[in-house]
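This report refers to the structure that appears directly beneath it.
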Amino acid sequence: MILPLHQLVRERIARTVREVYALADADLPPIVVQSPPERALGDLAVPLAFELARRLRKAPRAIAQEVAAALGAIPGVARVVAAPNGYLNFYLDRPAFLRARLAGELPRGPAPAEKAVVEHTAINPNKAAHIGHLRNAALGDTLGRLLRFRGQPVEIQNYIDDTGVQVADVVVGFRELEHKDFEAVRRVADSTRFDYYCWDLYSTVTEWYESDKERLKIRTATLHDIERGGNENARIGAFIADRIVRCHLATMGRLGIDYDLLTWEGDILRLKFWDHAFDALKAKGAVFRQEQGRLAGCWVMTIEDESAEAEGPDAGEPDAEDAAESREKVIVRSDGTVTYVGKDIANQFWKFGLLGWDFHYRVFDRRDGGHPVWATTSDASAAETGGAPTFGRAGVVYNVIDTRQSYLQKLLKQALGAMGYQREAERSIHYAYEMVALSHATARALGYDAAAEAGRPFVEVSGRKGLGVKADDLLDRLIDAAHGEVVKRNPDLPAEETRRIAETIATAAARYFLIKFSRGKVIAFDIDEALSFEGETGPYLQYAVVRANNIFRKLREREGVEVAAFVAALGETPADSLESADGDELWDLVLEASRLDEMAEQALRTLELSVLAKYAFGLAQKFNGFYHKYPILNEDRPDVRRWRAAAVAYVRDQLTRTLDLMGCRVPSRM
RNA sequence: GCGCCCGUAGCUCAGCUGGAUAGAGCGUCGGCCUCCGGAGCCGAAGGCCACAGGUUCGAAUCCUGUCGGGCGCGCCA
């Protein structure tokens, strides 16, 4: 890892600059450590002299030279050069650097101790997951892994909207269209792919509503039944939600995505979390009852509007009252029922431990027979008797949810702020990303006539219409494609291993594809593109690691030598080959491999996980180029051979770690 | 109407806290298997970084405006 070295360089430069120019800390601009565009220019670059030029009234070049001369020795740094244009360039001690990385990583900087709650997935439990949900889960899961990598405690939550209209719609489908009671629904669930069955039923119900709007009254009545509980519709709804959630967990499990806690909306209702949050909001005046106008009788929250505030108060305008009213968001309807926003506010309060109330907890499932997936429950008698871990009470909350919900997520922050929880409002982070749509070609392949949308750049996925690529279908197709390739290349492998490898490859293909785009970009999903295993894809990355592993496997088989032996021997291995120009490419590879921590921090700072994907791909590219050019097994010079093997071992380890952060494993062969 | 996001090679996209010569994949064209496995490697062609101003020693990157495109803005969730 490279960050500790960055820190050291920053500290030494700061100290030197303070001494040489008699500057106070406050006058010192932030010291940026960069990576030079070419390795020949150095290993680390600092453009500080440009920043200081104006204040010191000196040419950047002169400043760089003075700082370089006064810097003195820095452990791990071989030499410092002031570039003619003013950059301060650092060349590292190559052999020492590689030896240190292989001997075990240096201690990292202090990690944030506060717990991070990451909520992701949150699919309505009424149909199969599709690729849009997969983007959410892949981003959320990778975010969680990055936070853990940094050393921060992480809790992954999945919100289950088991009492919403979408579940109600499927209940309506079973009852009104298929005339099924609870037992009949159970029989369907036991004998079909239930999430697929409901996928179709859901779109059928949607059409059924559209042909006669009067039927929407049945939906409303069913929704009320579900919210009230204690009736057949509520039983069916709860059953559907439970079974579909299990389908979702299985689907996500195929991608290595896991959860600590499932938060059920029904429990929030039954435990009256909203009532507690409502009392608190009323007490603070964060919500108030609107007595007049079109929102009379509603409890509303005033929405902050930056542009309006900037204009200043001019209440004299004739339409000022209307404008003010339009900036009020209804939290409790005039009939006394709470809106979705209200439930979300209560949940957000709970996540920070601000509600003063807690759920009971039960074990919902065990992954791979071990790790429990916990779920909330409102039934104390159903709670796990052995006690549950502490959930919630987060220091920071990441809600992974697509950008269309930005408005609502902003309200959550505001509610916290209005309650005086400024810190929590700041640490209430909406991880926003753009939706997944379908390319025209893929929409056509699904049999969808997109003629009406021919002029648009993509075709929007619609759960209601049943238009979309189901997650499991995509994974199945990826596995089939990967299976074909594995068989072609490894015809003699046992069927079971072939299958396992194909699954590992398919997972990487899917996950890399979902991570590689920056979050602000709409993915126009194209099935052919996603099924590709060449170029910038997950399998390309795996292939690089498999190649590296093969080298060490051969070394073991042919010569009985382990990697550890090479590492142990580095101490007395001459390093001329590494320090000379002949070692430039090897060194470039090692240095790039060490930047994982830097990239992980950048990804977290910007919430741009594509940074991690691009880094992994670039490193794999570098390795493949090196692999092609420099032999290891067939290298005769023992010192050169050792350094190469050591470098490849380090790169292999770092690339494996990077893949793991993206939820990808490395197959035994490819 | 207001708010947020996007506009970079034929296509899909990177481009870090403003920094050194704007990159990658796909596609096209041309090479490379006696070798650690070709899911690979090497090379070529391909750019008004949407447009116009501004800030700066320095702008694809920051600011303002314009033009395209997408998404939000409900007593739905």
Side-chain angles (χ1 to χ4, degrees), chain A residues 30 32 34-38 41 45 47 50 53-54 59-60 83-87 89 124 161 164-166 223 290 294-300 303 305-308 326-327 329-335 337 339-341 343-344 402-408 410 432-435 437 439 456-458 460 482 485-486 488-490 505 516-524 526 528-529 532-537 539-540 542-544 546-548 550-555 598-599 602-603 605-606 608 610-611 613-614 617-618 621 624-625 627-635 648 669-670:
Chain A
V32 177
Q34 297 174 334
S35 197
E38 278 177 61
L41 291 168
F50 304 112
R54 169 167 292 208
N85 60 5
Y87 270 98
N89 290 331
N124 271 300
D161 185 3
V165 283
Q166 294 213 14
L223 182 58
Q290 179 59 262
R294 59 188 176 83
L295 298 183
C298 297
W299 287 85
V300 301
I303 298 159
D305 186 346
E306 292 86 351
S307 61
S326 73
R327 274 182 270 112
K329 176 71 191 173
V330 173
I331 306 297
V332 177
R333 303 183 187 97
S334 53
D335 67 2
T337 56
T339 62
Y340 146 86
V341 188
K343 287 178 258 185
D344 242 25
D402 81 66
T403 184
R404 287 174 289 193
Q405 303 261 21
S406 294
Y407 179 67
L408 281 309
K410 202 174 145 194
Y433 63 93
E434 266 292 355
M435 60 175 169
S439 72
R456 315 186 77 226
F458 45 75
E460 197 166 342
E485 297 294 320
V486 176
K488 198 159 67 189
R489 285 154 232 249
N490 305 275
I505 292 171
K516 75 172 180 177
F517 301 97
S518 58
R519 62 195 172 98
K521 225 124 194 172
V522 176
I523 298 181
D526 188 86
D528 291 332
E529 195 187 338
S532 165
F533 297 152
E534 290 170 11
E536 197 195 335
T537 66
Y540 176 95
Q542 293 175 311
Y543 188 61
V546 167
R547 282 176 138 182
N550 282 344
I551 296 173
F552 297 114
R553 186 164 49 82
K554 292 239 151 107
L555 219 41
E598 183 188 347
M599 294 300 138
Q602 188 186 322
R605 188 178 66 241
T606 59
E608 199 55 87
S610 59
V611 165
K614 299 290 173 186
F617 178 62
Q621 267 186 319
N624 273 334
Y627 172 91
H628 180 260
K629 201 166 167 186
Y630 299 98
I632 291 166
L633 294 182
N634 300 321
E635 172 58 48
V648 169
R669 330 184 69 140
M670 282 182 82

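Because the structure is predicted, anything quoted here is derived from the model rather than measured. Below, chain A is the first sequence line, B the second, and so on; all start at residue 1.
Comparing B:C36, B:G70, B:A39 by their closest approach to the side chain of A:L633 singles out B:C36. Nearest nucleotide to the side chain of A:F617, out of B:C75, B:A20, B:A24: B:A24. Distance from the side chain of A:R54 is smallest to B:C57 among B:C57, B:G25, B:A39. Considering only side-chain atoms of A:V522, the nucleotide from B:G70, B:A24, B:C36 that sits closest is B:G70. Side-chain proximity of A:T606 to the nucleotides B:G70, B:U17, B:G38 is greatest for B:U17. Proximity note for A:P36 (side chain, C-beta onward) versus B:A20, B:C13, B:G25: the nearest is B:A20.
Among the atoms of the strands shown, only primed sugar atoms or phosphate atoms (P, OP1, OP2) are found under 4.0 Å from some heavy atom of A:P457. Note on A:N490: a base of the nucleic acid sits closer than 4.0 angstrom, heavy atoms only. Across all strands shown, A:E598 has no heavy atoms under 4.0 Å from either base or sugar-phosphate atoms. Heavy atoms of A:A482 sit nowhere under 4.0 angstrom from any nucleic acid atom. Among the heavy atoms of the strands lying under 4.0 Å from A:E529 are primed sugar atoms or P, OP1, OP2 only; no base atom is included. Counting any heavy atom pair closer than 4.0 Å across all strands shown, A:M435 reaches sugar-phosphate atoms only and no base atom. Residue-level contact check: A:F458 touches the backbone only, with heavy atoms under 4.0 Å from sugar-phosphate atoms and none from bases. Counting non-hydrogen atoms under 4.0 angstrom, A:D528 reaches nothing in the nucleic acid. Among the atoms of the strands shown, base atoms are found under 4.0 Å from some heavy atom of A:Q602. Residue contacts for A:E635: at a heavy-atom cut-off of 4.0 Å it reaches no nucleic acid atom on any strand shown. Using a 4.0 Å heavy-atom criterion, one finds that A:D526 contacts no nucleic acid atom at all. Among the protein residues, A:F517 comes within range of the sugar-phosphate backbone only, with heavy atoms under 4.0 Å from sugar or phosphate atoms but none that close to a base.
Look at the C1' atom in both B:C26 and B:A45: the space between them is 15 Å, to the nearest Å. Here the separation of B:C49 from B:U61, taken at their P atoms, is 11 Å to the nearest Å. Using atom C1' as the reference point in both B:G40 and B:C57, the two lie 45 Å apart (nearest Å).
In this structure, A:E608 atom CD and B:A14 atom P are separated by 7 Å, rounded to whole Å. One atom, OH of A:Y407, and another, C1' of B:G72, lie 10 Å apart when rounded to the nearest Å. A:H628 has its NE2 atom 11 Å from the C1' atom of B:G31, to the nearest Å.
At the phosphate of B:G37, OP1 or OP2 sits under 4.0 Å from a side-chain N or O atom of A:N550. Between B:A77 and A:Q405, no contact under 4.0 Å exists linking OP1 or OP2 to a side-chain N or O. Close to B:C16, at under 4.0 Å from its OP1 or OP2, lies no side-chain N or O of A:R605. Taking 4.0 angstrom as the limit, A:K521 places a side-chain polar atom (N or O) nearer than this to OP1 or OP2 of B:G7. Residue A:K554 places at least one side-chain N or O closer than 4.0 Å to OP1 or OP2 of B:G37. OP1 or OP2 of B:C41 has at least one side-chain nitrogen or oxygen of A:Y540 nearer than 4.0 Å. For A:Y543, a side-chain nitrogen or oxygen approaches OP1 or OP2 of B:A39 to under 4.0 Å. Within the structure, a side-chain polar atom (N or O) of A:R333 is placed less than 4.0 Å from OP1 or OP2 of B:A77. Taking side-chain N and O atoms only, A:R404 has no distance below 4.0 Å to OP1 or OP2 of B:C73.
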*Between A:N550 and A:R547, is a side chain to side chain donor-acceptor pair (under 3.5 Å) present by the stated rule, with each step listed?*
CA-CA 5 Å; A:N550 282 344; A:R547 282 176 138 182; over 6 Å; no
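Glycosidic conformation at B:C33 (O4'-C1'-N9-C4 for purines, O4'-C1'-N1-C2 for pyrimidines): syn, within 90° of 0.
Ion pairing between A:D335 and A:R333 fails under the 4.0 Å rule for side-chain N and carboxylate O. Between A:K614 and A:E536 there is a salt bridge, since a side-chain N of the basic residue sits under 4.0 Å from a carboxylate O of the acidic one. Comment: A:E460 engages A:R404 in a salt bridge, judged by a side-chain N to carboxylate O separation of less than 4.0 angstrom.
A distance below 6.0 Å separates the ring centres of A:F617 and A:Y540.
Side-chain atoms of A:S334 come within donor-acceptor range of the base of B:C75, with a qualifying N/O pair under 3.5 Å. A donor-acceptor contact under 3.5 Å is formed by the side chain of A:N85 with the base of B:A20. With hydrogens and angles ignored, no donor-acceptor pair closer than 3.5 Å exists between the side chain of A:N624 and the base of B:A39.
Heavy-atom distances to RNA chain B give each of A:R489 and A:Q166 a nearest nucleotide, and the one nearer the 5′ end belongs to A:R489.
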